S.K.: 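Quick one: the structure is below, questions incoming.
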Amino acid sequence: QVQLVESGGGLVQAGGSLRLSCAASARSFSIYAMGWFRQAPGKEREFVAAISQFGTNTYNVESVKGRFTISRDNAKNTVYLQMNSLKPEDTAVYYCAADLVLSRVRTTPGYWGQGTQVTVSS
């Protein structure tokens, strides 16, 4: 079983920063590739970032490159999304995701968290 719980969302002004955390209950966290998605009202869920099992490979959607950084701490069973230079268009519910296969984390991950709201004001 894999249970994912996001935290760290909130309200921030444009240009500010937030760090999202995703705590996993998986017995062997390091065997899972991890990712982040987001969904704004009226829009489809969008892939944001992914990281391989040992953190050697990362992927980011073009709209967040240079601003967001995904990382993981396998000793703490936690994946992070550091978000800098936030823009109002980043406002969305952010979801943590996991899968045994990195490519699936970027498309159709097998496990999802419940999401955390990020709101960026002008």
Side-chain angles (χ1 to χ4, degrees):
Q1 295 183 339
V2 180
Q3 291 182 307
L4 306 172
V5 180
E6 303 95 334
S7 62
L11 175 64
V12 65
Q13 291 187 330
S17 299
L18 284 174
R19 188 177 77 160
L20 305 183
S21 297
C22 175
S25 64
R27 179 181 178 184
S28 301
F29 178 68
S30 63
I31 69 175
Y32 292 96
M34 303 294 297
W36 289 94
F37 286 71
R38 65 186 181 185
Q39 187 167 23
K43 295 186 177 180
E44 294 183 340
R45 190 166 297 187
E46 173 191 27
F47 168 75
V48 176
I51 187 167
S52 61
Q53 287 84 343
F54 301 104
T56 55
N57 294 304
T58 60
Y59 300 87
N60 300 92
V61 70
E62 285 291 334
S63 61
V64 307
K65 283 186 177 179
R67 300 189 299 120
F68 291 9
T69 302
I70 188 171
S71 62
R72 66 190 295 160
D73 186 339
N74 287 349
K76 296 182 178 180
N77 279 25
T78 303
V79 63
Y80 305 95
L81 185 67
Q82 178 66 48
M83 305 185 294
N84 299 324
S85 301
L86 283 162
K87 305 174 181 179
E89 51 262 45
D90 294 320
T91 295
V93 176
Y94 283 71
Y95 298 90
C96 179
D99 202 283
L100 291 172
V101 181
L102 178 60
S103 61
R104 291 206 294 260
V105 162
R106 299 173 61 189
T107 54
T108 55
Y111 304 94
W112 295 92
Q114 293 299 306
T116 185
Q117 177 70 47
V118 172
T119 302
V120 184
S121 63
S122 300

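Model, not experiment: these values are computed from the prediction. Quick note: residue numbers are just sequence positions, from 1.
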S.K.: Could you work out, with ring-ring contact (aromatic ring centres under 6.0 Å, His included) as the rule, every residue matching Phe37, not counting sequence neighbours?
M.R.: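 Only Phe47, Trp112 meet the ring-ring contact (aromatic ring centres under 6.0 Å, His included) criterion with Phe37.
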S.K.: If you compare all heavy atoms of Ile70 against all heavy atoms of Met34, which two are closest, and at what distance to 0.1 Å?
M.R.: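 Smallest interatomic distance, heavy atoms only, reads CD1-O, 4.1 Å.
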S.K.: Main chain of Lys65, side chain of Asn60: is a donor-acceptor contact present, judged purely on distance under 3.5 Å?
M.R.: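 Not at all, since once roles are kept as given, no pair shorter than 3.5 Å links the two residues.
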S.K.: Got a donor-acceptor contact below 3.5 angstrom from the Arg72 side chain to the Gly55 backbone?
M.R.: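 Not confirmed, Arg72 side chain does not pair with Gly55 backbone.
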S.K.: Counting only N and O atoms by type, is there a donor-acceptor contact under 3.5 Å from the side chain of Thr56 to the main-chain atoms of Ser52?
M.R.: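 No; zero donor-acceptor contacts below 3.5 Å.
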S.K.: Counting distance only, does the side-chain N/O of Asp90 pair as donor-acceptor with the main-chain N or O of Ala14 below 3.5 Å?
M.R.: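 Side chain of Asp90 to backbone of Ala14: no pair is present.
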S.K.: Is the backbone N or O of Gln114 less than 3.5 Å from a side-chain atom of Glu6, with the two atoms forming a donor-acceptor pair by type?
M.R.: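 Judged by distance alone, yes, a pair lies under 3.5 Å.
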S.K.: Got a sec: does the CD of Glu89 have more than 12 other heavy atoms crowding it under 6.0 Å?
M.R.: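 Atom CD in Glu89 is crowded, with more than 12 foreign heavy atoms closer than 6.0 Å.
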S.K.: Which of these, Val64, Val93, Val118, Thr91, sits in a side chain to side chain contact (heavy atoms under 4.5 Å, CB included) with Arg38?
M.R.: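 So the option named by the test is Val64.
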S.K.: Which heavy atom in Lys76 sits nearest to a heavy atom in Thr78, and how many Å separate them?
M.R.: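 For Lys76 and Thr78, the tightest heavy-atom pair comes out as O-OG1, 2.8 Å.
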S.K.: Compare every heavy atom of Ala92 with every heavy atom of Gln117, then report the nearest pair and how far apart it is.
M.R.: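 Nearest pair, atom of Gln117 first, then Ala92: NE2-O, 3.4 Å.
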S.K.: Restricting to non-hydrogen atoms, name the atom on Pro109 and the atom on Ala98 that form the minimum distance, rounded to 0.1 Å.
M.R.: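 Smallest heavy-atom distance, with atoms named: CB-O, 3.8 Å.
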S.K.: Linking I/L/V/M/F/W/Y whenever their side-chain heavy atoms sit closer than 4.5 Å, directly or via other members, would Tyr59 and Phe68 fall into one cluster?
M.R.: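 Different hydrophobic clusters.
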S.K.: Can you list every pair that meets ring-ring contact (aromatic ring centres under 6.0 Å, His included) and has a residue in residues 73-101, with sequence neighbours left out?
M.R.: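 Listed once each, the pairs would be none.
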S.K.: Under 3.5 Å, which donor-acceptor pairs link side chains of residues 17-32 to any protein atom two or more places apart or in another chain?
M.R.:
| from | atom 1 | to | atom 2 | distance (Å) |
| --- | --- | --- | --- | --- |
| Ser17 | OG | Asn84 | OD1 | 2.9 |
| Ser25 | OG | Gln3 | N | 3.0 |
| Ser25 | OG | Gln3 | O | 3.4 |

